[in-house]
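Indexing begins at 1, ligand by ligand and atom by atom, following the structure's order. Hydrogens, waters and symmetry mates are skipped; everything else that's a heavy atom, side chains included, is used.
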Amino acid sequence: MPIDPSVAIGAELPSQDFSWTSSEVQLYHLGLGAGSRPTDASELRYLRDGESQVLPTFATVAATFHAAEPPKVSFPGVEIDLAKVVHGSQEVVVHGPIPANGKGRTTTRIAEVWDKGKAAVIVQESTTVDPEGNPLWTARSSIFARGEGGFGGERGPSESVELPDREPDVEVDVPTLPQQALLYRLCGDRNPLHSDPEFAKAAGFPAPILHGLCTYGIVCKAATDAVLDGDAARVKAFRARFAGVVFPGETLRVRIWRDGDRLLITAVVVERDLAPALADVVLTIA
Ligand SMILES: CCCCCCC[C@@H](O)CC(=O)SCCNC(=O)CCNC(=O)[C@H](O)C(C)(C)COP(=O)(O)OP(=O)(O)OC[C@H]1O[C@@H](n2cnc3c(N)ncnc32)[C@H](O)[C@@H]1OP(=O)(O)O
């Protein structure tokens, strides 16, 4: 049985020990398109040796940055073909600014497995601490496994973020590069869905798609730059649902509403009639 929720839910995955330096941080930021204005001091804050500021979304790549193989969707009670899986949602909460150099240990558990009929949604939660045991960040993510529902599990909640009934306070267009996914995969997600045209076709897409976490980081950076003076330390938490695919080279239109200590955000694809890319995006300001 590819999914057995009675085994999966609550299962602890092996913990991961890792370290990072400002080189990984800079490569991550480059993978999000940072540095496109190389004479702009605020842009260069993401790209300094030793003292680079770190977007909280770096938390999504830190533990697996040096992976060189495609990920496996193989956990206790879960065995799924990678070609059936897309990233569903992501949330990161940081307990302070992420340092430019550091060490961490991540522990992960499978928190929920939902049966959406035509698909399964598998939710993981992880906690990362420094070598002294101080919390660095927590994360929650889901994968959406197409064709893997119908195992008799619960459907789970339907959650969405209500947007204000007014035009966005800020709107920015962010171009992505045709080679964006080929660059971003060097941050550890070697899923061929993002680099191999034949694999992408077999998975049902006309061409390789952009990593969801690349779009996620791009949009967090865009909001940080447009509303938070480019100061990554002002981002406490960032969450999003992956609402539609993005192809490398497309332009993201990022719409931002101020809402107290939060920014409510959507991202759509300009070239495809504003097709949704990210929805239910909430940036919590520190
Ligand atoms: C260990 C390593 C593992 C590997 C991890 C992945 C590695 C990465 O390399 C993979 C990627 O980066 S893939 C790229 C990023 N993701 C995407 O592009 C997905 C974009 N979204 C879609 O295509 C559709 O919204 C889609 C397909 C997600 C859903 O669309 P539909 O099929 O039309 O679904 P819909 O009818 O709208 O809803 C059905 C039920 O599912 C829930 N749901 C919808 N979107 C969800 C999402 N994104 N995440 C979680 N749940 C979601 C709905 O709420 C609905 O349930 P209910 O009826 O109970 O409300």
Problem - Nearest non-hydrogen partners of Arg140 and Ala111, listed with the distance - result: NH1-CB, 4.4 Å

Problem - Nearest neighbour in protein (non-hydrogen) for atom 21 (N) of ligand 1 - result: Phe242 O, 3.0 Å

Problem - Atoms in ligand 1 flagged as close to Ser158, the criterion being non-hydrogen separation under 4.0 Å - result: 57 (P), 59 (O), 60 (O)

Problem - Protein non-hydrogen atom below 4.0 angstrom of atom 53 (C) of ligand 1 present - result: no

Practice task
May I ask whether Phe75 has any heavy atom positioned less than 4.0 angstrom from an atom of ligand 1?
Solution key: yes

Practice task
Show your reasoning for whether side-chain hydrogen bond (donor to acceptor under 3.5 Å, both in side chains) applies to Glu24 and His66.
Solution key: CA-CA 9 Å; Glu24 282 90 6; His66 296 288; 2.8 Å; yes

Handout entry: Best match, Lys118, Arg146, Arg155, Lys72: closest heavy atom to atom 58 (O) of ligand 1
Key = Arg155

Practice task
Determine, considering heavy atoms only, which of Cys214, Gly212, Ala181 sits nearest to atom 12 (O) of ligand 1.
Solution key: Gly212

Handout entry: Minimum-distance protein heavy atom relative to atom 8 (C) of ligand 1
Key = Asp189 OD2, 3.3 Å

Fill in the blank from the handout: Taking only non-hydrogen atoms of Leu210 and a 4.0 Å limit, the atoms of ligand 1 in range are 14 (C)

Practice task
Run the numbers for me: atoms of ligand 1, each under 4.0 Å from some heavy atom of Asn191, listed by number.
Solution key: 7 (C), 8 (C), 9 (O), 10 (C)

Practice task
Name the closest protein heavy atom to atom 6 (C) of ligand 1, giving the residue it belongs to and the distance to 0.1 Å.
Solution key: Val85 CG1, 4.0 Å

Exercise for the section: Check each atom of ligand 1 against the heavy atoms of Pro71 and keep those under 4.0 Å away; list them by number with element. Expected result: 2 (C)

Fill in the blank from the handout: Note: ligand 1 atoms sitting under 4.0 Å from heavy atoms of Ile143 are 5 (C)

Practice task
Please identify which atoms of ligand 1 are closer than 4.0 Å to at least one heavy atom of His211.
Solution key: 12 (O)

Exercise for the section: Could you check which of Val246, Val121, Asp280 puts a non-hydrogen atom nearest to atom 51 (N) of ligand 1? Expected result: Val121

Handout entry: Proximal ligand 1 atoms for His194, defined as those under 4.0 Å from one of its heavy atoms
Key = 8 (C), 9 (O), 10 (C), 11 (C), 12 (O)

Practice task
For atom 23 (O) of ligand 1, state which one of Gly244, Pro157, Ala120 supplies the nearest heavy atom.
Solution key: Gly244

Exercise for the section: Before signing off on this row, confirm whether Val86 and ligand 1 have an N or O atom pair separated by under 3.5 Å. Expected result: no

Handout entry: Output field: ring centroids Phe247/Phe205 closer than 6.0 Å
Key = no

Handout entry: For Gly88, the ligand 1 atoms whose distance to one of its heavy atoms is below 4.0 Å
Key = 47 (C), 48 (N), 49 (N)

Handout entry: Per-atom contact, atom 37 (O) of ligand 1, protein heavy atoms, under 4.0 angstrom
Key = no

